[in-house]
Amino acid sequence: MKIATYNVNGVNGRLPVLLRWLEETQPDVVCLQELKAPQEKFPEQAILDAGYNAIWHGQKSWNGVAILSRNLPIQELKRGLPGDPEDEHSRYIEALVNGVVIGCLYLPNGNPAPGPKFDYKLSWFERLITHASGLLAKDIPVILTGDYNVIPTEIDVYKPERWLEDALFRPETRIAFKTLVDQGWTDAIRKLHPHEKVYTFYDYFRNAYGRDAGLRIDHFLLSPKIDKRLIAAGVDRNVRGWEKTSDHCPVWIELTDE
DNA sequence: ATGCCGGGCACCGCCCGA
């Protein structure tokens with residue numbers, strides 16, 4: 001089973017790129033972030049025509065997450081991250097697909113830091129840590145994937161010294177990510193590529209992609225009940241070079257069947 | 001060193017992303 005995550009940065013503006021990538025790579029399950037579309041503007045028909053079922057949680061202008069599946073039913077489990085009924089952002093959707101709980105998340109950016117946006121990031125992170133702990137306690141196969149907006153370590157950024165004060169790389173952010181992973185999750189990309197430079201995001205400006213000046217901020221965390229099934233993981237870096245492309249690359253993992 | 005690019009929305013610029 002191949003599972004991918006892709007921050008599309010606008011699902012409608014990105015539709016030709018998304019459809020081409022789906023056609024070329026045929027993942028079984030896809031988690032999308034930054035739909036930037038209200039619930040009723042999700043391009044459901046185009047996704048269905050491409051051979052994918054979908055559930056999604058839209059929002060006008062910002063955020064928005066979706067889970068797509070080819071040939072496998074999607075049983076929605078959660079819409080919105082538990083822990084704060086006041087939080088209106090569409091940043092989390094969770095479903096059972098092929099016996100695996102898939103959590104698709106778009107963690108807040110948090111800049112500028114410090115400030116209220118950074119506080120929101122850290123509180124959202126705390127809620128994710130709490131929810132993830134509950135999922136682990138169930139002792140079932142779980143994948144938490146998406147745009148974490150976290151640069152976990154120095155090897156995950158082209159020039160770490162420039163990012164020390166940034167919300168993606170500040171100590172509080174890295175500590176929160178480590179706290180989450182240390183619950184027992186496996187960072188799939190790092191597990192299979194322990195020392196390699198792996199980037200999943202490139203700024204649109206300053207020719208970041210051409211200079212390979214990237215960040216690794218899109219992650220797959222696997223629960224102990226599924227981490228032994230991991231056989232491959234990678235980044236579709238070339239997609240970042242397409243016309244009208246997202247600033248993120250698709251990232252994917254492959255699991256053995258059961 | 002820097003929203004320098006790009007999407008959405010609402011208008012003809014502004015907010016936001018990382």
Side-chain angles (χ1 to χ4, degrees), chain A residues 5-19 21 31-43 46 56-66 87-92 104-122 124-125 128 145-174 176-177 189 197-219 235 237 239-251:
Chain A
T5 184
Y6 188 16
N7 178 325
V8 288
N9 189 12
V11 71
N12 287 303
R14 209 65 64 210
L15 198 54
V17 166
L18 175 61
L19 295 176
W21 169 72
C31 293
L32 300 178
Q33 301 87 35
E34 279 210 80
L35 303 179
K36 290 186 169 179
Q39 190 67 15
E40 65 277 12
K41 293 278 182 64
F42 183 83
W56 65 96
H57 192 197
Q59 180 180 333
K60 190 179 175 185
S61 305
W62 316 117
N63 310 316
V65 285
D87 185 3
E88 309 246 314
H89 291 200
S90 297
R91 294 181 177 275
Y92 188 80
C104 169
L105 64 100
Y106 175 43
L107 206 137
N109 173 301
N111 277 308
K117 291 193 174 183
F118 192 55
D119 294 341
Y120 174 61
K121 176 176 197 160
L122 294 180
W124 204 95
F125 223 140
L128 178 62
T145 187
D147 179 0
Y148 280 73
N149 273 315
V150 176
I151 301 165
T153 71
E154 292 194 342
I155 67 168
D156 298 310
V157 49
Y158 63 102
K159 267 191 199 295
E161 65 275 15
R162 284 206 186 159
W163 290 80
L164 291 170
E165 300 299 320
D166 192 278
L168 278 65
F169 195 51
R170 287 176 72 95
E172 303 94 318
T173 303
R174 280 187 271 168
F177 187 76
I189 291 276
K197 183 169 68 177
V198 179
Y199 297 147
T200 68
F201 167 89
Y202 300 90
D203 267 320
Y204 283 120
F205 46 92
R206 282 178 294 226
N207 188 31
Y209 175 64
R211 294 185 297 121
D212 199 28
L215 315 173
R216 187 173 77 96
I217 55 175
D218 302 87
H219 308 298
V235 177
R237 188 184 182 281
V239 175
R240 181 63 182 80
W242 294 357
E243 288 297 313
K244 300 286 286 177
T245 198
S246 171
D247 41 5
H248 291 253
C249 308
V251 187

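Within every chain, numbering begins at 1; the chains are lettered A, B, ... in the order of the sequence lines, protein sequences first and strands thereafter. Computed from heavy atoms alone, side chains included, the values below leave out hydrogens, waters and symmetry copies. Given the structure is predicted, the values throughout are model-derived calculations rather than measurements.
If you check every strand for non-hydrogen atoms under 4.0 Å, A/D147 touches sugar and phosphate atoms only. Here A/N149 lies in heavy-atom contact (under 4.0 Å) with sugar-phosphate atoms only. Looking at heavy-atom distances under 4.0 Å, A/D203 makes contact with a base. A/Y202 comes within 4.0 angstrom of nothing in the nucleic acid, heavy atoms only. No engagement by A/W163 is indicated, since no non-hydrogen atom pair under 4.0 Å with the nucleic acid exists.
Take the nearest nucleotide of DNA chain B for A/N9 and for A/R162: the residue whose nucleotide is more 5' is A/R162. Residue A/G13 is the one, among A/G13 and A/D166, whose nearest nucleotide of DNA chain B lies closer to the 5' end (criterion: closest heavy atom).
What separates OH of A/Y148 from P of B/dG17 is a distance of 20 Å, to the nearest Å. Atom NZ of A/K41 is separated from atom P of B/dG8 by 10 Å (rounded to the nearest Å). Between the CG atom of A/L15 and the C1' atom of B/dG7 there is a distance of 15 Å, given to the nearest Å. Computed from coordinates, the A/N207 CG to B/dG6 P distance equals 11 Å when rounded to whole Å. In this entry the distance linking CG of A/N7 with P of B/dG7 reads 13 Å, nearest Å. Distance CZ (A/R14) to C1' (B/dC5): 11 Å, rounded to an integer number of Å. A straight line from CZ of A/F205 to P of B/dG7 spans 14 Å, rounded to a whole angstrom. Between the P atom of B/dG17 and the NE2 atom of A/H248 lies a distance of 11 Å, rounded to the nearest Å.
In this structure, a donor-acceptor pair under 3.5 Å is present between the side chains of A/Y204 and A/N9. For the residue pair A/R237 / A/Y209, a side-chain donor-acceptor distance below 3.5 Å is found, with atom types taken as modelled. For the residue pair A/Y106 and A/N149, no side-chain donor N or O sits within less than 3.5 Å of a side-chain acceptor on the partner.
When the side-chain nitrogen and oxygen atoms of A/K117 are compared with OP1 and OP2 of B/dG17, one or more of them lie within a distance under 4.0 Å. Between A/K60 and B/dA10 there is a side-chain polar atom (N or O) within less than 4.0 angstrom of OP1 or OP2. In this structure, A/R206 does not reach the B/dC5 phosphate: none of its side-chain N or O atoms is under 4.0 Å from OP1 or OP2. One finds a side-chain N or O of A/K244 lying less than 4.0 angstrom from the OP1 or OP2 phosphate oxygen of B/dG7.
Going from the C1' atom of B/dA1 to that of B/dC15 covers 23 Å, rounded to whole Å. B/dC4 sits 16 Å from B/dG13 when the P atoms are compared, rounded to a whole Å. B/dC16 sits 16 Å from B/dC11 when the P atoms are compared, rounded to a whole Å. Between B/dA10 and B/dG6, the distance separating the two P atoms is 23 Å to the nearest Å.
For CD of A/E154, the number of neighbouring non-hydrogen atoms (other residues, nucleotides, ligands) closer than 6.0 Å is 12 at most.
Put simply, the side chain of A/D247 does not reach to within 4.5 Å of the side chain of A/D203, judged on heavy atoms.
Base pairing analysis places B/dC16 opposite B/dG6; the two distances defining the Watson-Crick or G-U wobble pair are each below 3.5 Å.
Between A/W163 and A/Y158, the ring planes lie perpendicular to each other; the angle is over 60°, past the 30° to 60° tilted range.
Considering only side-chain atoms of A/E34, the nucleotide from B/dG7, B/dC9, B/dG17 that sits closest is B/dG17.
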